Amino acid sequence: MKRIYITLCLALMGVMAMRGETIASSPDGRIVVDFEVKEGRPMYSVLYDGQVAIAPSALGVQTNMGDYTIDLTWNPSEVRKEEFSGTYTLPSIKVGAEHAYQYNRSALMLSQKERPVMEIEFMVSNSDVAFRYTILPRRDTRCCVVTSEASSFCISPDARAFLAPQSYPMGGFARTTPSYETKYSLGEPVGRNGWGNGYTFPCLFEVPHADEAKNLWILISETGTDGTYVGCRLLGERGGKYRIGFPMEGEFNGWGSTSAQMALPGKTPWRTITIGHTPANAIETTVPWDLVEQKYPASRDYSADYGKGMWSWIIGMDYSCNFNEQKRYIDFTAAMGYRSLLIDALWDVQIGRERIAQLSQYARSKGVGLYLWYNSNGAWNDAPQSPRGIMNDPRKRREEMKWMQEIGVLGIKVDFFGGDKQPMMQYYEDILTDANDFGIMCIFHGCTLPRGWERMYPNYVSSEAVPASENLHFSQGFCNEEARDCGAMYPFTRNAVGAMDFGGSALNKFYNANNRQGSRRVTSDIYALATAVLFQSPVQHFALAPNNLTDAPVYAIDFMKSVPTRWDEVRFIDGYPGKYIIMARRSGNTWYIAGVNAMEQPLQKTITLPMLPGKSTVSLYINGEKKSVNLSKKQTLKVEIPTNGGVVVIGE
Ligand code: CA
């Protein structure tokens with residue numbers, strides 16, 4: 001039965017994909033978007049080099065003002081087409097140098113009973129398709145509630161999917177889920193729906209082809225979400241159909257609507273589809289930031305404070321959040337030449353505000369700035385850690401931020417948010433907006449995926465929104481699969497669409513302050529160095545410990561002192577999600593090429609590095625040592641990456 005169904009789906013895809021009007025194509029012509037209104041229902045499809053990437057899929061929204069998924073008409077002669085191009089510089093993203101974007105924009109109006117009700121806008125670059133809706137006012141109706149979206153993505157039924165299931169609401173530690181902390185699957189078949197609740201963005205698909213060079217890699221996500229909408233997910237249906245899902249009713253302790261209210265005319269966030277024959281376009285895409293706008297001016301130059309930092313909690317846990325240990329970590333942070341120290345939960349009771357001010361002063365005398373941890377609650381989950389009840393109170397929040405500014409604190413890390421309903425999306429925006437008034441930078445944990453936020457909010461730094469390093473401390477099982485589930489997975493998925501605060505690169509053998517017991521790190525030291533390059537965030541709080549100054553290899557400490565956190569360019573070189581990755585990042589004139597291997601056998605590769613001159617001398621970190629080697633005349637280098645190991649090449 002299933003086979004018949006899949007065959008039918010394939011037949012439909014083959015026949016149907018070519019119908020409709022071509023309404024938009026990429027500047028290089030390789031991506032084509034077709035559109036049609038079929039029996040009143042708007043549909044689109046996407047071709048890449050003539051192959052079907054997205055088979056005919058539904059569009060439209062349902063609102064309390066009208067159902068804009070049915071009974072619609074359009075006039076193909078009235079499509080507005082224009083070029084959308086320009087440049088911008090955003091030092092907090094993977095392409096921090098000024099970069100140019102170029103999209104072809106097509107906008108079409110949909111009418112119901114001959115009255116225009118909604119515009120659909122498509123943007124197409126050489127690697128991305130994005131679309132969004134603008135819902136129009138109707139006579140005196142100037143607001144509406146969007147109750148659901150029909151927006152769908154029909155993927156080939158024989159695709160392999162790399163997906164993170166949406167968790168159950170109000171589950172996990174202190175009822176804090178969903179918090180985007182589930183593992184990505186390793187090429188699961190399409191047609192599933194995760195744990196029953198769909199999947200969190202971004203969602204990666206590989207569509208195989210008899211000629212492997214024609215495989216398609218498709219990354220689906222969304223961008224531009226703020227307090228005017230809800231955070232969405234992808235619901236899986238049979239045969240490769242995925243559609244936009246709104247938050248689950250149970251999120252936010254069951255309180256508040258799952259729908260989005262908006263003033264009219266009102267725009268939805270962008271749905272984004274990044275396509276290529278390899279994962280390169282997904283890893284290199286800038287679509288999350290190209291299509292959004294800065295929402296307020298920066299009150300100061302935050303990029304001056306980007307850089308490396310330390311946090312004691314990942315190795316020392318709650319106990320380490322005391323005055324003497326934090327002072328020791330300030331000395332360690334300064335010894336490493338790092339910019340910041342993150343003081344995690346319970347500092348309010350275990351250190352106290354007065355002594356935090358003393359620590360901040362001491363830190364500043366050494367060129368170190370502090371980040372302070374806060375519980376976002378509030379009333380959306382049971383997370384007990386303090387300080388609580390400050391960030392959710394606008395008056396207390398601003399008083400606290402004023403105090404932080406007075407004592408020279410650099411930023412905050414706010415944890416344990418309450419899902420993706422609209423009030424919670426507004427809450428992120430409120431914290432960011434207030435923090436900017438006091439020059440405070442923001443990191444979020446236990447939180448939603450950032451959706452274009454680096455550009456929208458200039459003091460936004462990074463988010464967790466991934467199973468991060470804390471799991472390495474808590475679970476040997478997680479340590480055992482670290483290379484597969486983290487190093488060889490996140491560059492293709494989570495980190496491709498936004499800054500990721502993983503908090504890793506540990507050089508301890510064990511996740512414990514005595515470095516003798518607890519979860520044992522299975523990955524090599526060079527794996528740790530490689531992930532400092534593979535994982536991107538403009539502020540990185542690494543899981544190093546003061547003892548590493550004497551017990552870790554000198555080459556590793558020297559590397560961790562000098563590795564940048566600001567990158568100008570990124571290039572995918574080779575890899576497969578969950579197996580291995582080799583990619584390159586440029587900082588100024590220097591290229592860092594980093595790779596990790598999660599497979600059971602050592603990975604032997606001759607890598608081509610077109611960004612470096614032939615025969616040039618490079619630094620190679622491999623098999624527990626650093627050495628100088630020369631590239632071949634043809635800019636190649638032979639490497640063998642051990643299981644759970646890594647490689648780094650530095651060259652100019
Ligand atoms: Ca977490």
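Each ligand, and each atom within it, is numbered from 1 in the order the structure gives. Remember, it's a predicted structure, so these values are computed and weren't measured experimentally.
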List the atom pairs, with distances to 0.1 Å, where a side-chain N or O of residues 500-508 and a protein N or O form a donor-acceptor pair under 3.5 Å, not counting sequence neighbours.
unit_1 : atom_1 : unit_2 : atom_2 : d
Asp501 : OD2    : His445 : NE2    : 2.7
Ser505 : OG     : Ala528 : O      : 2.9
Ser505 : OG     : Thr531 : OG1    : 3.4
Asn508 : OD1    : Asn547 : ND2    : 2.9
Asn508 : OD1    : Asn548 : ND2    : 2.9
Asn508 : ND2    : Phe510 : O      : 3.2
Asn508 : ND2    : Asn512 : O      : 3.0

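Under a 4.0 Å N-O distance rule, the pair Glu399/Lys402 does not qualify as a salt bridge. A salt bridge links Asp437 with Arg398: the closest approach of a Lys/Arg side-chain nitrogen to an acidic carboxylate oxygen falls below 4.0 angstrom.
Between Phe417 and Tyr427, the ring planes lie tilted relative to each other; the angle falls in the 30° to 60° range.
Inspection of the environment of the Ca ion (ligand 1) yields the following protein N, O or S atoms under 3.0 Å: Glu181 OE2, Glu464 OE1, Glu464 OE2, Glu470 OE2.
Under the ring pair (Phe, Tyr, Trp, His ring centres under 6.0 Å) criterion, Trp255 pairs with Phe252, not counting sequence neighbours. Residues passing the ring pair (Phe, Tyr, Trp, His ring centres under 6.0 Å) test with Tyr184: none are found, sequence neighbours excluded.
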